[in-house]
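Throughout, protein chains are lettered first and strands after them, A, B, ... in sequence-line order, and every chain is numbered starting at 1.
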2 protein chains.
Amino acid sequence: MNLTGNMLIGRQAVTGDRDAIRAVHPATGNLLEPAYPGGSEAQVAQACALAWAAFDAYRETAPETRAGFLEAIAEEIEALGDALIERAMAETGLPQPRIQGERGRTCQQLRTFARTLRAGEWLDVRIDPALPERQPQARPDLRQRRIPLGPVAVFGASNFPLAFSVAGGDTASALAAGCPVVVKAHSAHPGTSEWVGRAVVRAATRCRMPEGVFSLLFGAGREVGLALVIDPRIKAVGFTGSRSGGLALCRAAQARPEPIPVYAEMSSINPVFLFSNALQARLEVLAEGYVASLTQGAGQFCTNPGLLIAREGEALDAFLAAAAGHLRQCPAQTMLTPGIFQAFAVGVDALAQHPQVRLLAAGLPGDGPNRCQARLFVTDAESFLADPALHGEIFGAAGLVVRCRDEGQFRQLAERLEGQLTATLHLEDGDLDSARALLPTLELKAGRVLVNGWPTGVEVCDAMVHGGPFPATSDTRATSVGTAAIHRFLRPVCYQGFPDGLLPAALRQANPLGLKRLIDGEREA
Amino acid sequence: MNLTGNMLIGRQAVTGDRDAIRAVHPATGNLLEPAYPGGSEAQVAQACALAWAAFDAYRETAPETRAGFLEAIAEEIEALGDALIERAMAETGLPQPRIQGERGRTCQQLRTFARTLRAGEWLDVRIDPALPERQPQARPDLRQRRIPLGPVAVFGASNFPLAFSVAGGDTASALAAGCPVVVKAHSAHPGTSEWVGRAVVRAATRCRMPEGVFSLLFGAGREVGLALVIDPRIKAVGFTGSRSGGLALCRAAQARPEPIPVYAEMSSINPVFLFSNALQARLEVLAEGYVASLTQGAGQFCTNPGLLIAREGEALDAFLAAAAGHLRQCPAQTMLTPGIFQAFAVGVDALAQHPQVRLLAAGLPGDGPNRCQARLFVTDAESFLADPALHGEIFGAAGLVVRCRDEGQFRQLAERLEGQLTATLHLEDGDLDSARALLPTLELKAGRVLVNGWPTGVEVCDAMVHGGPFPATSDTRATSVGTAAIHRFLRPVCYQGFPDGLLPAALRQANPLGLKRLIDGEREA
């Protein structure tokens, strides 16, 4: 089987009516075959109409049925074998182990949502039985469950061609919730997207899902994406990418006659605070871990530790010397796209030319196009506080270290930061009081707070929060990774005075789904 | 004790710096003493600064402590005695039993959130323990809890001077979540607001809550409200009122450098579908129940059944004759404010002059200012479908009946409606198939679906949903009544690799709060 360059509108492979995109092999700059013509507005509307038509049937499939569908998607992705791995490597410049690992993560994610569906807590069933004798008036029977919002538009992310793209976390959680999905593929990896899209369609066919439960669209500019977000049949949006792209989608969604939620994960510099005792006790290990986290995958992670904050002094000088030493050994790595490489180059040039910022070290130079040469910069707390330009994200392996006069400045710095996906503390027992004083500020600034770890590496599990206050995301109430991500696509409905036979299965008295319901304020055991 | 006309900024009684508002006794048109000078921008900022200063301490109070605070507020409201009842009656024109009932509901609501706080499920604690031996890499310890968003701006509603105002559902759920609250009182009932505000401050003092946990502001126009919503220390908004008011707050909140969620409950016409067998079997009872629900409280409920849909024929004619008979006996009732009365008059005049609408009956005329004379109008399905002007809410006791050719039109009508708080079905066994066919559409249009009841009367319980798709509310994922309302003001935070001593109490290994946690995917019994 070969790639075709076709979109997938329901079960049909369809050639787009608009200008084509073509992937670039970022390590060579060469164009890859085939071309992917983009969708027209009519084709976007067709996908949305199919999604809407599928919604009533899909949302009332049993949780077990949807769990089976998610598992079938994982199987079909695995069945793509090396073709998928090779194409993803060619389109992203990412090394084989990374892509293989990401495939594993993607399939595990689908299977985790299958488990969540079966556990049933996502339905949040609440029953307040009728109290016909109550005075001064009777209480009717009241039952609540969660239902899906409707068809969801998902935007593939450049930096996770599998785990945050066609069948990534947004798609998996939306499908789990009972929402059909229309994906706008990221233009950097259309071939990877086609492979995965075909796997999803095969799984949908195999599991007898209604046509329209999934579509995959391509498009050169922002037109397809905007047309998708303003289509009245789309009821929510999942997006991972740039701040400008995310905000454009938010504005379009808010301007609709019926505004809809947008879950946009946008930008974060992920501050790391090194406390004094930790710095003293293990500066070598910290320096090595920091540079490894900073440069991993050419720094192309939302959770890349772009900002490190520590108290000035001999220990910090030694840490910086060690970190600089490690960084200078780092080979240049191919970035995902020429555009990302250019934005990185602009960002590091701006920092290098900033009068209050000093370049401490650079990694090894590259020997081809789009190579990210890692950078480490230093500034002081006053300069950082004075210039919001230093608070922006540089997507790639560039770190800024802020020297503070004392740990009292940590809180001042933290309070001035924008919302973040993560905040990290490195501490020893002697630092606990200082950490405790900083923690309330960090909880309000970040979705995840780490102790003695590094923020790259986002576990897919129940407790994960990959989210955070604006502008880390557009909706601080949500997470885009982990099982709680399903709640983004659900809303509560109350059924009052229903005869049992008219109730949905989740709410029937006999409890056919075996749920642990909240009945009259008490949770069933 | 007398009313003072003062705002409450933290524990201080403060006279506003701006133009005063004064309540009107709607039954007489007379102005009531005292005058309530409005807050300046500086006074709004002062309340927000106090709320922000209180936030860290307040949010980390134990759930038991906050539960005690909510119960103390209920006690202090009850201790206000008849002074509160009399003032609320004078400011709203509502009769004594209604105000007494609403006081009971308000206090029950506060106590229900106290119970919810103690039960602990709102914290949604999830723990994924470390897996140090896992390959290819170890899993760190990951723990999630919910924390409050920050200070919340609450707007009092005109039609529930107690249950949706100063210490109403928005305030109770925000305080329960751990959010300080700054209330903008509704200008129609400033005296009622002052009484209740003083009760809240007494409870806060008695329970040693931080100053700033609660403030109460007055203001003549929209300036105080807008200043509140754009203050950077405010992190969410609760509002019940008009569509134009709610949308203005949404726009202001979205235009902030850091956008914040607005929970605005705005407008709904609450369609009621009468199925044929039900109409045949109990048309007299239905006619009586319909008119009672339509005219209760002069129809000034968000859930007023403004739209009734049934199949034309003899049974409907008999139902309408019976309903018209009941309606003609309905005495005129004083409306809440002159402005609401004028808007009602404009709305019913527009319907009366609509060429495709016929006035079927009117209630008894009034003998004083601001009296709502109930109205019942009839149109046909084609006319209703053709003119969106017929889909708007008339706040007050005005009903529109839509005659359909057959029950097949019910779904067509339902699909064309905007989002609603409620949708109601009246049915007998013989109608179940028809109802089943309509239900999927209604679930997508409304937050609560009722069978054989009337939508007025919103129970405060776990299963209630008082919410619904836009424009019924600005956020279909939320409810403003019932215990799930607390989730509007919470967001998840993940704690990774924390030493036990640095964790918040809810997440500590020893489980000092006695929560039923989700550990490694399994719920504790």
Which atoms of [X] are under 4.5 Å from chain A, going by heavy atoms: the side chain, the backbone, both sets, or neither?
{"X": "Leu450(B)", "result": "both"}
{"X": "Glu60(B)", "result": "side chain"}
{"X": "Ala484(B)", "result": "both"}
{"X": "Arg436(B)", "result": "both"}
{"X": "His487(B)", "result": "side chain"}
{"X": "Pro257(B)", "result": "backbone"}
{"X": "Asp475(B)", "result": "side chain"}
{"X": "Leu502(B)", "result": "both"}

Highest number of heavy-atom pairs under 4.5 Å with chain B: which of [options]?
{"options": "Asp429(A), Leu439(A), Thr422(A), Ile260(A)", "value": "Leu439(A)"}
{"options": "Pro261(A), Gly453(A), Ala435(A)", "value": "Pro261(A)"}
{"options": "Ser474(A), Gly501(A), Gly497(A), Cys250(A)", "value": "Gly497(A)"}
{"options": "Pro136(A), Gly150(A), Gly447(A), Ala446(A)", "value": "Gly447(A)"}
{"options": "Phe498(A), Phe55(A), Tyr495(A)", "value": "Phe498(A)"}

Applying salt bridge (Lys or Arg N to Asp or Glu O under 4.0 Å), can you list everything that pairs with Arg411(A), at least two apart in sequence or on another chain?
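Arg411(A) satisfies salt bridge (Lys or Arg N to Asp or Glu O under 4.0 Å) with Glu415(A), Asp56(B) only.
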
Salt bridge between Glu443(B) and Arg491(A), side-chain N to carboxylate O under 4.0 Å?
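Salt bridge: no.
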
Please indicate whether Asp520(A) has more than 12 foreign heavy atoms, meaning atoms of other residues, nucleotides or ligands, lying under 6.0 Å from its CG.
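Correct, the count exceeds 12.
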
Would you please test Arg488(A) and Arg477(B) for side-chain contact (heavy atoms from CB on, under 4.5 Å) and show each step?
CA-CA 8 Å; Arg488(A) 298 179 297 167; Arg477(B) 298 161 292 179; over 6 Å; no

In Å, rounded to the nearest 0.5 Å, how long is the span from [atom1] of [X] to [atom2] of [Y]?
{"X": "Ile127(B)", "Y": "Cys461(A)", "atom1": "CD1", "atom2": "SG", "answer": "11.5 Å"}
{"X": "Arg448(B)", "Y": "Leu142(A)", "atom1": "CZ", "atom2": "CG", "answer": "7.5 Å"}
{"X": "Trp52(B)", "Y": "Leu444(A)", "atom1": "CH2", "atom2": "CG", "answer": "5.0 Å"}
{"X": "Leu421(A)", "Y": "Cys494(B)", "atom1": "CG", "atom2": "SG", "answer": "12.0 Å"}
{"X": "Asp462(A)", "Y": "Glu522(B)", "atom1": "CG", "atom2": "CD", "answer": "10.0 Å"}
{"X": "Gln496(A)", "Y": "Leu425(B)", "atom1": "CD", "atom2": "CG", "answer": "11.5 Å"}

Residue among [options] with most heavy-atom pairs under 4.5 Å to chain A:
{"options": "Asp124(B), Leu518(B), Thr479(B), Val449(B)", "result": "Val449(B)"}
{"options": "Gly419(B), Pro148(B), Pro469(B)", "result": "Pro469(B)"}
{"options": "Leu427(B), Asn452(B), Val493(B)", "result": "Val493(B)"}

Under the 3.5 angstrom rule, does the side chain of Glu258(B) hit a backbone N or O of Phe470(A) as a donor-acceptor pair?
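Answer holds: no.
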
So which heavy atom on [X] is nearest to which on [Y], and how close?
{"X": "Pro440(A)", "Y": "Arg59(B)", "answer": "O-NH2, 2.8 Å"}
{"X": "Pro140(A)", "Y": "Glu459(B)", "answer": "CD-OE1, 4.4 Å"}
{"X": "Ala478(B)", "Y": "Pro492(A)", "answer": "N-CD, 4.5 Å"}
{"X": "Pro499(A)", "Y": "Leu432(B)", "answer": "CG-CD2, 4.2 Å"}

Applying side chain to side chain donor-acceptor pair (under 3.5 Å), name anything that partners Arg251(A), two or more places apart in sequence or on another chain.
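Per chain and number, Arg251(A) pairs via side chain to side chain donor-acceptor pair (under 3.5 Å) with no residue.
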
Arg126(B)/Thr483(A) under side-chain contact (heavy atoms from CB on, under 4.5 Å): CA gap, chis, key distance, verdict
CA-CA 10 Å; Arg126(B) 298 154 174 252; Thr483(A) 58; 3.2 Å; yes

For chain A, which residues from residues 113-123 of chain B have at least one heavy atom closer than 4.5 Å to it?
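Against chain A, the residues of residues 113-123 of chain B that fall inside the cut-off (heavy atoms, under 4.5 Å) are Arg115(B), Glu121(B).
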
Can you list the residues that meet the ring-ring contact (aromatic ring centres under 6.0 Å, His included) rule with Tyr58(B), with sequence neighbours excluded?
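By the ring-ring contact (aromatic ring centres under 6.0 Å, His included) rule, Tyr58(B) matches no residue at all.
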
Just wondering, do Val465(B) and Gln144(A) contact through their side chains at under 4.5 Å, heavy atoms?
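The answer is yes, as the side chains (C-beta and beyond) meet within the 4.5 Å cut-off.
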
